[in-house]
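Atoms within a ligand are numbered from 1 in the order they appear, just like the ligands themselves.
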Amino acid sequence: MSLLIKNGRVIDPISNIDEVKDVLIKDHRIAAVAKNIEVAAEKVIDAKGCWVVPGLIDVHVHLREPGFEYKETIETGSKSAAIGGFTSICCMPNTNPVIDNTKVVDFILNKASKEAVVKVLPIGTITKGQLGEELAEIKEMVKRGICGISEDGKTVMNSRLMEEALKLAAELNIPVFSHCEDHALAGKGVMNEGKRSRELGIQGIPSASEEVIAARDIALAKDKGAKLHLCHISTKGTVEILKKGKDEGVFVTAEVCPHHFALTEEVVTAEDTNTKMNPPLRSQEDVEAIREALRNGIIDMIATDHAPHHEKDKNTSYEKAAFGIVGLETAVALTITELVEEGILTPMQMIELMSSNPAKLLGIDRGTLGIGKMADITIIDPEETYPIDKNQFVSKAKNTPFHGKKVKGKVKYTIVEGNIIVENGSLIEGGQKI
Ligand SMILES: NC(=O)N[C@@H](CC(=O)O)C(=O)O
Ligand SMILES: [Zn+2]
Ligand SMILES: [Zn+2]
């Protein structure tokens, strides 16, 4: 099977290309990237006016299977990822049962091989049952194919245990994804602690709850050779802690989610539980610091923290509603609208944040359009303007605060290992629109 993508703006940070070129795919791999390729291919895509980029990689997704299939499944979550332009996704282990042993890893990989339309890389828990008491079967899970470990949804509050996990992860050469939240400091808080929480009379989560754990984990990771990755960072203080850690030579990376650079606490109302997520939407000052850290490269990647929830988990009081929002199908548009259009990121920087840097963290041979590499490719029309419509999501869940927001930037094609999964913005199966 050969596929020729004509006339697109090819952007590949790893090969340092940002130029109008053609891309030829043969036998699932990149065969050529050059001007005016003249070969007879079985399929030709005209990408004029579009960006042709290495397939996007999301290191932070909740697929909810096993256990919460009423919210999302491996199949529906992976389809949502493809619509969003992602060709590889890491799935978090806070399922039921949690991913803390090889049986659950096997279950996910087996199901993904049959039902997922993008590459699924499972993340294992740090502790057994996510109970924070003893380490999970980490070594065994790595042999079966987990790409990292995380207690996401919670923090390993026992610092000694976290230190042990970092040591083991260094030996096994896998990243540790840290959800930074001091449980006692966060308490029963449900939104950012600050001006807005006082106005609304809703209990707040202080910035310090994130910052003390970010600082602790950097201190623990120091000199251990561990790859520490900070999930969904949201405060100015965490950015400063991250920068200090990097300056001191600690291997630490961080991700930010689109909602944390697109929204502030000001949008929170007691009625709209789609503004409730963990960590919470922060202050204007925090958002500005996050945007600056994206611009200057202190923050390494954009991840969605796609957290699908059912109506019944969200359609309740602000206090009782589940934390989290969906993100796979809105990430590209929000990044283009909020950061590229605003002049904060160049298109090249955006692709670094959404493809090459995630690939480097995971140590996978993806995230580039280099010759001979697996053909994971995303084609984006950066000019298409439309309102976000949650009713068109492929995800089972519709919990987004962005419904109706006018955005720019649309994923037109998602190509996974040389196979077209999304064509003209719609999923296709065997060449048919579904
Ligand atoms: N981010 C969230 O608000 N929720 C996540 C958990 C998490 O990412 O910490 C979830 O699993 O729903
Ligand atoms: Zn988390
Ligand atoms: Zn998460």
Side-chain angles (χ1 to χ4, degrees), residues 58-73 77 80-81 89-99 121-127 130 132 147-157 162 175-183 185-186 188-192 205 209-211 213-214 217 228-235 238 254-260 263 265 268 272-282 301-314 316 318-328 330-331 358 395-401:
D58 190 348
V59 301
H60 192 149
V61 173
H62 296 270
L63 290 177
R64 305 297 191 210
E65 192 176 358
F68 303 103
E69 290 83 354
Y70 73 100
K71 296 179 195 248
E72 194 79 288
T73 64
S80 176
I89 53 176
C90 301
C91 61
M92 282 296 178
N94 60 341
T95 46
N96 184 17
V98 297
I99 311 177
L121 306 160
I123 295 175
T125 62
I126 298 175
T127 73
Q130 279 198 318
C147 67
I149 50 173
S150 179
E151 205 82 331
D152 192 43
K154 297 184 189 177
T155 295
V156 177
M157 287 309 302
M162 187 61 176
V176 179
F177 296 82
S178 175
H179 165 110
C180 300
E181 178 188 14
D182 182 293
H183 296 162
L185 280 176
K188 290 197 163 47
V190 290
M191 69 173 291
N192 184 45
I205 301 172
S209 137
E210 177 175 311
E211 292 156 6
I213 300 298
D217 286 355
L228 171 67
H229 176 75
L230 306 180
C231 294
H232 45 48
I233 71 165
S234 68
T235 78
T238 307
E255 73 193 29
V256 69
C257 307
H259 43 277
H260 288 125
L263 299 173
E265 61 184 353
V268 175
D272 187 3
T273 57
N274 286 329
T275 61
K276 178 177 174 181
M277 70 288 287
N278 197 3
L281 298 173
R282 301 288 191 182
M301 59 200 82
I302 293 170
T304 65
D305 190 7
H306 179 78
H309 288 295
H310 192 269
E311 270 274 315
K312 76 175 167 74
D313 308 311
K314 280 293 202 184
T316 174
Y318 209 88
E319 282 73 19
K320 288 206 193 105
F323 283 100
I325 61 167
V326 287
L328 288 166
T330 50
S395 168
K396 278 194 180 184
K398 316 290 170 204
N399 50 314
T400 178

Kindly indicate whether a cation-pi arrangement holds for Lys314 with Phe323, taking the cut-offs as under 6.0 Å to the six-membered ring centre and within 45° of the axis. no
How close do Phe68 and Asn94 get, counting heavy atoms only, and between which atoms? CE1-O, 3.9 Å
Do any N/O/S atoms of His60 come under 2.8 Å of the Zn ion (ligand 3)? yes
Quick note on ligand 1: atoms under 4.0 Å from a heavy atom of Gly153 include exactly 6 (C), 7 (C), 9 (O)
Is the closest heavy-atom distance from Lys276 to ligand 1 below 4.0 Å? no
Ala254 to His229 - nearest heavy-atom pair and separation: C-CE1, 3.7 Å
Hey, is ligand 1 close enough to Ala307 that some N/O pair sits below 3.5 Å? no
Just heavy atoms, cut-off under 4.0 Å: does Ile325 contact ligand 1 by side chain, backbone, both, or neither? neither
Side chain, backbone, both or neither: which applies to Asn278 and ligand 1 if a contact is any heavy-atom pair less than 4.0 Å apart? both
Criterion side-chain contact (heavy atoms from CB on, under 4.5 Å) on Leu121 and Ile89, from CA distance to verdict: CA-CA 6 Å; Leu121 306 160; Ile89 53 176; over 6 Å; no
Using the benzene-type ring in the case of Trp, are the ring centres of His260 and His232 under 6.0 Å apart? no
Could you verify whether a donor N or O on one side chain and an acceptor N or O on the other, from Asp152 and His179, lie under 3.5 Å apart? yes
Select one of side chain, backbone, both or neither to describe which atoms of Glu151 lie under 4.0 Å from any atom of ligand 1, heavy atoms only. neither
Which atoms of ligand 1 have any heavy atom of His179 under 4.0 Å away? 9 (O)
Which atoms from ligand 1 have a heavy atom of Met277 less than 4.0 Å away? 3 (O)
Looking at ligand 1, does Lys71 have a heavy atom less than 4.0 Å from it? no
Output field for angle at the Zn ion (ligand 2), Asp152.OD1 vs His179.ND1, rounded to 10°, should show 100°
Quick one: do the Thr235 and Arg282 side chains pair a donor with an acceptor below 3.5 Å? no
For ligand 1, which atoms sit closer than 4.0 Å to a heavy atom of His232? 8 (O), 9 (O)
Per residue Asp305, nearest N, O or S atom to the Zn ion (ligand 3) is named OD1
Heavy atom under 4.0 Å from ligand 1: found in Met92's side chain, backbone, both, or neither? neither
Find all atoms of ligand 1 within a distance of less than 4.0 Å from any non-hydrogen atom belonging to His309, and give their numbers and elements. 12 (O)
Does the distance from a Lys or Arg side-chain N to an Asp or Glu carboxylate O, for Glu311 and Lys71, drop under 4.0 Å? no
Can you name the nearest heavy-atom pair linking Pro122 to Cys91, along with the distance? CA-SG, 3.7 Å
